[in-house]
**Student:** 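I have a structure I would like to understand better, so I am pasting it below and will then ask my questions one at a time.
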Amino acid sequence: MVEKEGYLQKAKIADGGKKLRKNWSTSWIVLSSRKLEFYKESKQQALSSMKTGHKPESVDLCGAHIEWAKEKSSRKNVFQITTVSGNEFLLQSDIDFIILDWFHAIKNAIDRLPKD
Ligand code: I3P
C-alpha cells in the first residue's frame, strides 16, 4: 500500500558499504510500509514500467537508519538513509515542508518495522 509518493532529488552515495561518486538526479519516490522505491523517470513512465514488470530500485526499510546530513552536501535540506545492506542514499528538496514531510513519513515507517 502506497503511503506517500512524489519527486525528490536523490543521490546514492554507497552500495553495500562501497562509496559511490555522488550524482544527483530527480527521482519519483514511492513509500510503502516496508520499502522505498526510486524511479528514474516521471510518474507516468514509472506507472507504465510497473505494468511491464520493470523493477525500480527498491530500498528495504527494515533496520534502516535515517538522519539529517548537513555535512554531506552543499545543498540545503538533505537527509540520509542507510540500509542494513550498507546502501546509502541522500534525498533533498529545496522546499522545506516537502523534505520535512518525507523525513517524518520515512522515519515513522522505519520506527514501525522490526529492527531485523
Ligand atoms: C560533485 C557534484 C555534486 C556535489 C559533489 C561534487 O562533483 O558537484 O553535486 O555534491 O560534492 O563532488 P562531480 O559531478 O564532479 O562528481 P553536492 O551538490 O551535494 O554538494 P561533494 O564531493 O562535496 O560531495
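Just so you know, ligand 1 is whichever comes first in the structure, and atom 1 is the first atom listed for that ligand.
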**Student:** Can you pull out the closest protein heavy atom to atom 14 (O) of ligand 1? Residue, atom name and distance to 0.1 Å, please.
**Tutor:** R21 NH2, 3.8 Å
**Student:** Heavy-atom distance from atom 19 (O) of ligand 1 to the protein below 4.0 Å?
**Tutor:** yes
**Student:** So, the side chain of S27 versus the backbone of I29: is there a donor-acceptor pair under 3.5 Å, distance only?
**Tutor:** no
**Student:** What is the closest protein heavy atom to atom 9 (O) of ligand 1, and at what distance does it sit?
**Tutor:** W24 CD1, 3.5 Å
**Student:** For atom 2 (C) of ligand 1, what is the nearest protein heavy atom, given as residue, atom name and distance?
**Tutor:** K22 O, 4.8 Å
**Student:** If every non-hydrogen atom of V78 is compared with every non-hydrogen atom of Q92, which pair is closest and at what distance?
**Tutor:** CG2-CG, 3.5 Å
**Student:** Please check atom 12 (O) of ligand 1 for a protein heavy-atom neighbour under 4.0 Å.
**Tutor:** no
**Student:** Using 4.0 Å as the upper bound for N to carboxylate O, is an ion pair formed by D96 and K76?
**Tutor:** yes
**Student:** Taking only Lys NZ, Arg NE, NH1 and NH2, and the carboxylate oxygens of Asp or Glu, determine whether E57 and K40 approach each other closer than 4.0 Å.
**Tutor:** no
**Student:** Would you check if M1 and S32 make a side-chain contact, meaning some heavy-atom pair closer than 4.5 Å?
**Tutor:** no
